[in-house]
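Numbering of residues begins at 1 and proceeds along the displayed sequence.
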Amino acid sequence: MPSVLTDRRPLPTGAARAEPAAPRRRTRVLALPEARWAAAATVLFLLALPLQLTGAPGWAWGAAYALAYAAGGWEPAWAGLRALAGRTLDVDLLMIVAALGAAAVGQVMDGALLIVIFATSGALEALATARTADSVRGLLDLAPVTATRLRADGTEETVTPADLTVGDTVLVRPGERIGADGRVLDGTSEVDQATISGEPLPVAKEPGDEVFAGTLNGTGALRVRVGRDAADSVIARIVRMVREASGTKAPTQLFIEKVEQRYSLGMVAATLAVFAVPLAFGAALTGSLLRAMTFMIVASPCAVVLATMPPLLSAIANAGRHGVLVKSAVVMERLGQVDAVALDKTGTLTEGTPRVTDVVPLPGTGLGERELLTLAAAAEHPSEHPLARAVVEAARARDLAVPTARGFRSTPGVGVTATVGEHVVAVGTPARLLNGTSGAPAGPARTDRHGASVAASPVTTREAAGRAAASLVARLEAGGRTAVPVVVDGVPAGVLGIADRLRPDAAVTVAALAALTGTRPTLLTGDNARAAARLAGEAGIQDVRAGLLPEDKVAAVRERQDAGRRVLVVGDGVNDAPALAAAHTGVAMGRAGSDLALETADAVIVRDELAAVPAVVALSRRARRLVVQNLVIAAAFISGLVVWDLAGTLPLPLGVLGHEGSTVLVGLNGLRLLRERAWRRAARTDTAPA
């Protein structure tokens, strides 16, 4: 029962939505019929078991077991019968037959337990499918409800994005979502486009720059010429890619599913032969039936089923205790198969929050680092821009007393200006604040008629400071930082360097993943190449692919997979969701991850501990090794008991004891992964490639 996207309704490209936006639509567990039937079967089983063990009348626990059979078994039985009508015999139907066979010879509890296991597994798969469909529908809430179209005569009209055509001009006011992909005709602003590109900071936009539907405009107004129809926008393409990738991704089959046809047909044929052959040679009907039922019990795949599930479910539970949500046993199995890793940058490899890394006052200004940062923080304090918050947080971290500024003004694409004490302080973008301060040479020093030097004019001083500031900006930007000049009373006084900070465990995680897979991870990011290269160098990553849109990330993942790699993608944003869906296995960072990334991913790192990624991969590999061990144990018991039953006379109680003993043994072996030591070992030592 693969978890695939089943919602295939056409994409709404512009249907109006009520404001404010409705809460995210999320399917409740008990809204699924599979979950309700599985819950009912489990409750009935837990009711019957103590009644049986405490010696209650048979009619009491027998009725409860019968209802558990019916509640948990009717759906797989019906599915098995339909498959049988299509000339396919699957393990689901075989499990029902085995359960009924166990009940026929008095082993009612065994059959009920088997029913409960299969019903619960089916419910989990149905839930995963429903939640994925929920997340894709929720993505559509990123699109704006309406757009303001400008007519030829300059008047405005409110339309839905679906009504916009290529060539239309739309007005985007401060704080509005952009209604269509296009290019800026007029105006300047900062646009938060993290949902598309993954960039941690708003991007300054001016005439000629490209903007995307669903991204959030900042404090300026923009006039945008529509460049794509709504159905072809980047956000719409993301939805389609997630749907297509989720629908075509075939999860790795567990061992029992790979051999279910041969095993099912062989067991049915063998059971009939065990019953019919002795009768043909004159054996008693009762003895032949008892031998056949004993064969059905000892050959039933209960131990094989428990051989696979307890190790995987124990690994899931252990990972969950350590902040890793693995969504199914199939996902846990797949994690151990990965042999290549692709990491997002912002919010995954980094903390996703800009921080001040450099405070560099210019010589001759009379300002030290503390004074420069104090002035900048005071000017930035009223601003809500992420860079402004980074400057203020840096001042607080150094316990600086930040004075109150007066006359605060914010200009989109330029920066802020405020009066701090007796000084006018401007903080913002280098291209705007330094323009005109460093363009002209200072010229030779002036002298009087006696040859004595005369102090440089304020203009000359400002030009020299501008040149020094421009040189410092270039150096910081070459190092992958965002350079923010600070101008005091019209003269550049210093430059702040701001960058997203690498997670403390990033380098260790990259090294561990490289050891596990045999290849170093790849960095996939929508951020600029210099920032990406700087972070990659600190983390120990050599393969860096920057400036990627969502479809570019998918192409990079598929390129690796076409080369025969099983790729693990780790990301956190909406822009990462298509790559998460297309990958062999997708892992999302949970604390700052978007709803779509969390639902599309196969596993979620709830606590944002990047080092948990190689740990859960190593734990998965241990679980897969235990699955193999359990299958060997189960096969040995089944083979031995079957040979005994066919070659001699296997007493039914001894057959049941051997069958139950093998079941308990493989179950306990799988439960070893529940121990705390299993996680510590996975996090510390299990780094050998699979």
Would you please name every residue forming a salt bridge (charged side-chain N to carboxylate O under 4.0 Å, His left out) with [X], sequence neighbours left out?
{"X": "Arg565", "value": "none"}
{"X": "Arg389", "value": "Glu384"}
{"X": "Arg501", "value": "Glu351"}

Can you give me the closest heavy-atom contact between [X] and [Y], atom names plus distance?
{"X": "Ala536", "Y": "Leu523", "answer": "CB-CD2, 3.9 Å"}
{"X": "Ala579", "Y": "Val554", "answer": "N-CG2, 3.7 Å"}
{"X": "Pro521", "Y": "Leu513", "answer": "CG-CB, 4.0 Å"}
{"X": "Ala618", "Y": "Leu516", "answer": "CB-CD2, 4.3 Å"}
{"X": "Val495", "Y": "Ala469", "answer": "CG2-O, 4.1 Å"}
{"X": "Val569", "Y": "Ala583", "answer": "CG2-CB, 3.4 Å"}

For this session: Under the side chain to side chain donor-acceptor pair (under 3.5 Å) rule, collect the residues that match up with Gln561, sequence neighbours excluded.
Result: none
Problem set entry | Residues forming a side chain to side chain donor-acceptor pair (under 3.5 Å) with Asn318, sequence neighbours excluded |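 Only Arg321, His322 meet the side chain to side chain donor-acceptor pair (under 3.5 Å) criterion with Asn318.
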Return the [atom1] to [atom2] distance between [X] and [Y], rounded to the nearest 0.5 Å.
{"X": "Asp552", "Y": "Thr525", "atom1": "CG", "atom2": "OG1", "answer": "11.5 Å"}
{"X": "Leu535", "Y": "Arg503", "atom1": "CG", "atom2": "CZ", "answer": "11.5 Å"}
{"X": "Asp358", "Y": "Arg481", "atom1": "CG", "atom2": "CZ", "answer": "4.5 Å"}
{"X": "Thr165", "Y": "Asp229", "atom1": "OG1", "atom2": "CG", "answer": "7.5 Å"}
{"X": "Leu580", "Y": "Asp602", "atom1": "CG", "atom2": "CG", "answer": "8.5 Å"}
{"X": "Thr215", "Y": "Ile178", "atom1": "OG1", "atom2": "CD1", "answer": "3.5 Å"}

Short side-chain to backbone donor-acceptor contact, [X] and [Y], under 3.5 Å:
{"X": "Asp344", "Y": "Val570", "answer": "no"}
{"X": "Arg566", "Y": "Asp339", "answer": "no"}
{"X": "Arg177", "Y": "Ala213", "answer": "no"}
{"X": "Arg225", "Y": "Gly167", "answer": "yes"}
{"X": "Arg183", "Y": "Asp209", "answer": "no"}
{"X": "Arg621", "Y": "Gly336", "answer": "yes"}
{"X": "Thr350", "Y": "Lys345", "answer": "yes"}
{"X": "Arg149", "Y": "Asp163", "answer": "yes"}
{"X": "Asn217", "Y": "Gly220", "answer": "yes"}
{"X": "Ser620", "Y": "Met332", "answer": "yes"}

For this session: Show the numbers, then the answer: is there a side chain to side chain contact (heavy atoms under 4.5 Å, CB included) between Val324 and Val587?
Result: CA-CA 9 Å; Val324 183; Val587 176; over 6 Å; no
Which side-chain N or O atoms in residues 539-546 pair as donor and acceptor under 3.5 Å with protein atoms at least two apart or in another chain?
| unit_1 | atom_1 | unit_2 | atom_2 | d |
| --- | --- | --- | --- | --- |
| Asp543 | OD2 | Thr522 | OG1 | 3.1 |
| Arg545 | NH1 | Glu559 | OE1 | 3.3 |

Min side-chain heavy-atom separation [X]-[Y] under 4.5 Å:
{"X": "Thr148", "Y": "Val170", "result": "no"}
{"X": "Val391", "Y": "Val427", "result": "no"}
{"X": "Val191", "Y": "Val203", "result": "no"}
{"X": "Met589", "Y": "Leu610", "result": "yes"}
{"X": "Val510", "Y": "Leu349", "result": "yes"}
{"X": "Arg334", "Y": "His584", "result": "yes"}
{"X": "Val613", "Y": "Leu343", "result": "no"}
{"X": "Leu164", "Y": "Val159", "result": "yes"}

